[in-house]
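Reading through the structure tokens given below for one structure.
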Protein chains: 2
Amino acid sequence: MPPATIRSTAKTVRLSRPEQVAEAIKEWVMEQGLHSGDRLPSEPEMIERFGMSKGTIREATRILEAQGLVRTRTGPGGGTFVHQMSPERARALLSNYFYFRDLTLKDIYQIRMVLEPELVASLAGTLSEDELSRLEAVMATYAHPAATAEEEREQHIASLRFHGLLAEMSDNPLMGFIIAFVTQTLSDLTVYRKLYDPPNHELWARGKAYQARLVEALRAGDSAQARDVMSLHMATAQSLMQAQEAEVIRRFMT
Amino acid sequence: MPPATIRSTAKTVRLSRPEQVAEAIKEWVMEQGLHSGDRLPSEPEMIERFGMSKGTIREATRILEAQGLVRTRTGPGGGTFVHQMSPERARALLSNYFYFRDLTLKDIYQIRMVLEPELVASLAGTLSEDELSRLEAVMATYAHPAATAEEEREQHIASLRFHGLLAEMSDNPLMGFIIAFVTQTLSDLTVYRKLYDPPNHELWARGKAYQARLVEALRAGDSAQARDVMSLHMATAQSLMQAQEAEVIRRFMT
DNA sequence: CCCAATTTGTTCGTATGTATC
DNA sequence: AGATACATACGAACAAATTGG
């Protein structure tokens, strides 16, 4: 029997047996058109079907589980089940990719600058009063200036949470995911590089004002206004964040 | 010993032991600041360090491998190594997320419409003659109208490959990844739904013309022109693709 | 070309944990 | 509470791949 291979972009890669089995199971699931919650064959059945040992089957299951495709439960009625990946898990898997590629504020804001105005333009007039008040509830958490550095950090994260919330409200799953991911990445970067540290009163005040005007435009269903306000919000946030970054670097150097 | 838990957004999740071990290894790698290519402890060392059986350690390794974080090699000098995930792998992992969330042409083009013009605007004047001719080489593969449905499909994919190539040339890794992913998703969708089937001469002719003008603008370093051409390209592509979609649905219904 | 050393890869038997009825 | 059905975990042995002599 020739070694199983898969044609990738350039060279042939030899797959280990658990990987082969995981691939085979994945294809089988797609062929069967199984949906989230559907049960896969039990371990003994898999062992028989693939002619592999328990250990190998288990490793294959771990692979699928790590990719967020299945979940396992013990006990009677338990087994391995097709699973719909959560957005959180998808974001976590993708951040692994960017772990070694260090993103800059410029990279992040180049995306935000064009995507977020588009998002709110399509959101205007479609949000329920409940959704709008959830946005306002987040804004309320940074209604007053922070007293401590700790609080400063929390407010910074909360103001990004505002954008993550907007992203979740999109009826475009692609748009929603991308913006939520970018927002989270920015949040992680801010915390990691302590970009909240020299408290930036201007960033706080202007951001708050823009967000208030934005919610107003969303409630009024004024799409053009929402887009414009978000554009201004992003532009000022970018320049203030980059100034902040320069300040942190300056303080680090001296 | 209490079961190990992790606080997530809502409820506590019980982690299996291999998952715990995988998490522990991941954290250890980050703490040590290991880079791509660095070697992790061998299986026997892991067994001792975590006090777990070989099978459990191996399952943990499979989890990290499935997430694209490590690779393993057999033989002397072999072992488990920190690995920098390839863009292809990252895209594959992310497509799993969108497998159950069916994206529409509208969703995809809403993103392309704003991101791709921004991409080419920042690319104008930065590309080498070599890169420009690689773009032209792709364009050459669909210089003549397709004769068969097979060829039609190949040309459709190649014209999306043109955009994937542009994405790879971005010096913004986030922008590059997102556009490459969206492009590939559109390519998969086109093939899966056979959107190339009733040959669309207008889509082919106009797309080709726009791409030629685009390369010209990129070579001239005319950023504004590149942005405008891409905007027009995206707008016409969207409307023609959606007409195509309607046609395919119509033919399917009758 | 083969052989030996090293390291991961695979198997099988057994025992344990866990959830359902 | 006890039986059942399922995944989970362990340990020892063996197999395969890779490197260097």
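Put simply, CZ on A:F50 is 16 Å from C1' on C:dT10, counting in whole angstrom units. One interatomic measurement links the two molecules: CD1 of A:I63 to C1' of C:dT10, which rounds to 14 Å at whole-angstrom precision. Separating the CZ atom of B:R71 from the P atom of C:dG9 is a distance of 12 Å, rounded to the nearest angstrom.
Under the rule for a side-chain hydrogen bond (donor to acceptor under 3.5 Å, both in side chains), B:E31 has no partner lying at least two apart in sequence or in another chain. With sequence neighbours excluded, no residue satisfies side-chain hydrogen bond (donor to acceptor under 3.5 Å, both in side chains) with A:T183. In terms of the salt bridge (Lys or Arg N to Asp or Glu O under 4.0 Å) criterion, A:R89 has no residue partners (sequence neighbours excluded). Legend: residues meeting side-chain contact (heavy atoms from CB on, under 4.5 Å) with A:L115, ordered by chain and number and at least two apart, are A:I111, A:M175, A:I178, A:I179, B:I111, B:V114, B:L115. Residues satisfying the side-chain hydrogen bond (donor to acceptor under 3.5 Å, both in side chains) criterion with B:E136, sequence neighbours excluded, are B:R219.
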Assign a letter to each nucleotide of nucleotides 7-15 of chain D from its 5' end: B, base within under 4.0 Å of a protein heavy atom; S, sugar-phosphate only; -, no contact.
-> SBBB-----
